Amino acid sequence: MTTTKKIMIGLGLAGGALLAAWLLTGDRKKKTKDFVTQKAEDLKQSLKKEKPEVEDSEVHYV
């Protein structure tokens, strides 16, 4: 891995940490937590939805 790639990965990680720190400070903390909680609940609901089983009693010939 070249030095440039290492620097770019480091900058990406540092940027992500900085963004997370900014989102979790001050009045943004409550808004961020509410947003993440809502999206997690939406994801849970979408994963729990049972897909109806389709019975295909007819034989399809190709």
Side-chain angles (χ1 to χ4, degrees):
M1 191 181 288
T2 64
T3 305
T4 306
K5 288 181 182 178
K6 289 179 185 177
I7 291 172
M8 294 307 291
I9 291 171
L11 287 175
L13 290 173
L18 186 61
L19 177 63
W22 179 76
L23 286 173
L24 295 174
T25 56
D27 62 343
R28 291 175 300 276
K29 184 175 184 175
K30 173 115 175 77
K31 291 177 187 176
T32 302
K33 281 186 176 181
D34 291 342
F35 177 78
V36 170
T37 303
Q38 178 64 37
K39 292 300 176 183
E41 289 296 323
D42 292 346
L43 181 61
K44 267 193 219 177
Q45 292 299 323
S46 67
L47 292 176
K48 280 187 177 181
K49 287 182 184 174
E50 294 183 21
K51 297 178 183 173
E53 292 184 24
V54 178
E55 289 189 32
D56 195 11
S57 59
E58 297 181 26
V59 179
H60 298 282
Y61 295 100
V62 179

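If you're wondering where the values come from, they're calculated on a predicted model, not measured in any experiment.
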Legend entry - Pairs touching residues 7-26 that satisfy side-chain hydrogen bond (donor to acceptor under 3.5 Å, both in side chains), sequence neighbours left out: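 Those involving residues 7-26 are T25-R28.
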
Legend entry - Non-neighbouring partners of T37 that pass side-chain contact (heavy atoms from CB on, under 4.5 Å), sequence neighbours left out: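 With sequence neighbours excluded, T37 shows a side-chain contact (heavy atoms from CB on, under 4.5 Å) to no residue whatsoever.
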
Inset, instruction - Quick one: name the residues clustered hydrophobically with L13, using the 4.5 Å side-chain heavy-atom rule over I, L, V, M, F, W, Y, and just say none if it's on its own. - result: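 Members besides L13, by chain and number: M1, I9.
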
Inset, instruction - For K30, check salt bridge (charged side-chain N to carboxylate O under 4.0 Å, His left out) against everything at least two apart and list the hits. - result: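 With sequence neighbours excluded, K30 shows a salt bridge (charged side-chain N to carboxylate O under 4.0 Å, His left out) to D34, given in chain and number order.
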
Inset, instruction - Kindly write out the residues that satisfy salt bridge (charged side-chain N to carboxylate O under 4.0 Å, His left out) with K39, not counting sequence neighbours, or none if the list is empty. - result: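 Salt bridge (charged side-chain N to carboxylate O under 4.0 Å, His left out) check on K39 returns nothing, list empty.
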
Legend entry - Counterpart residues, side-chain hydrogen bond (donor to acceptor under 3.5 Å, both in side chains), relative to Q45 (two or more places apart):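 For Q45 there are no side-chain hydrogen bond (donor to acceptor under 3.5 Å, both in side chains) partners, ignoring immediate neighbours.
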
Inset, instruction - Rounded to the nearest 0.5 Å, what's the gap from NZ on K31 to CG on L23? Could you check? - result: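 The CG atom of L23 is 11.5 Å from NZ of K31, to the nearest 0.5 Å.
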
